[in-house]
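Worksheet: the structure to be examined is printed underneath.
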Amino acid sequence: QVQLVESGGGLVQAGGSLRLSCAASGLTFTTYAMGWFRQAPGKEREFVAAINWSGGSIRYADSVKGRFTISRENAKNTVYLQMNSLKPEDTAVYYCASKYTIAVPTTLNEYDYWGQGTQVTVSS
């Protein structure tokens with residue numbers, strides 16, 4: 001079955017950086033778009049970034065544009081989220097998701113599979 005396993009979360013000071021990884025298995029990785037979402041306490045899960053199968057098409061939420069970079073390494077079945085200039089409002093559980101498509105989905109209900117999430121906490 002499809003499994004998505006996130007890693008790389010942790011506690012960081014404001015202005016710092018983290019790189020999240022999501023390792024995928026049980027799917028043909030190059031036929032899936034990949035996305036990152038996040039959910040802060042008491043809030044709905046929201047879109048962060050997404051990348052198409054080749055890495056040639058990328059979308060970002062306005063709140064992270066210029067600070068976060070999504071990328072993928074198809075040979076390793078892995079997608080990354082490089083997060084720079086982190087702010088306390090970036091604190092959330094970050095989820096990786098996959099969708100069988102050539103497009104770049106940006107809404108939560110478009111995605112087929114989800115990881116278990118990794119906690120990112122940014123202290124002020």
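As the structure is a computational prediction, the values presented were derived from the model and not from experiment.
Counting heavy atoms from C-beta on, the side chains of Met83 and Asp90 never come closer than 4.5 Å. Taking the side chain as every heavy atom from C-beta outward, Val104 and Ile51 never approach each other to under 4.5 Å. Between Gln39 and Glu46, every side-chain heavy-atom pair lies at or beyond the 4.5 Å cut-off. Residues Val93 and Thr118 are not in side-chain contact: their nearest non-hydrogen atoms beyond the backbone lie 4.5 Å or more apart. When side chains are defined from C-beta on, Pro105 does not count as touching Met34, because their heavy atoms never get closer than 4.5 Å.
Within 6.0 Å of atom CD1 in Ile102, 12 or fewer heavy atoms from other residues, nucleotides or ligands are found, so the atom counts as exposed in its surroundings. With a 6.0 Å radius and a threshold of 12 heavy atoms from other residues, nucleotides or ligands, Lys43 has its NZ atom at or below the threshold.
The CZ atom of Phe68 sits 4.0 Å away from atom OH of Tyr94, with the distance rounded to the nearest 0.5 Å. Atom CZ of Arg45 is separated from atom CG of Leu108 by 6.0 Å, given to the nearest 0.5 angstrom. To the nearest 0.5 Å, atoms CG (Asn77) and OG1 (Thr30) are separated by 8.0 Å. With values rounded to the nearest 0.5 angstrom, Gln13 atom CD is found 13.0 Å from Thr121 atom OG1. Rounding to the nearest 0.5 angstrom, the gap separating the CZ atom in Arg72 from the OG atom in Ser54 is 8.0 Å. Between the CG atom in Leu81 and the CD1 atom in Ile70 there is a gap of 6.5 Å [rounded to 0.5 Å].
Between the side chain of Thr78 and the main chain of Lys76, a donor-acceptor pair closer than 3.5 Å is present.
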Test side chain to side chain donor-acceptor pair (under 3.5 Å) on Tyr95 and Glu6 and set out the steps. CA-CA 7 Å; Tyr95 296 91; Glu6 301 97 334; over 6 Å; no
Where do Tyr111 and Phe37 land on the ring pair (Phe, Tyr, Trp, His ring centres under 6.0 Å) test, with the steps shown first? CA-CA 11 Å; Tyr111 282 84; Phe37 290 75; 5.3 Å; yes
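In this structure, the ring of Trp53 has its center no less than 6.0 angstrom from the ring center of Phe29.
A cation-pi arrangement is present between Arg19 and Tyr80 under the rule of less than 6.0 angstrom and at most 45 degrees off the ring axis.
Taking the six-membered ring for Trp and thresholds of 30 and 60 degrees, Tyr113 and Tyr32 have ring planes inclined between 30 and 60 degrees apart.
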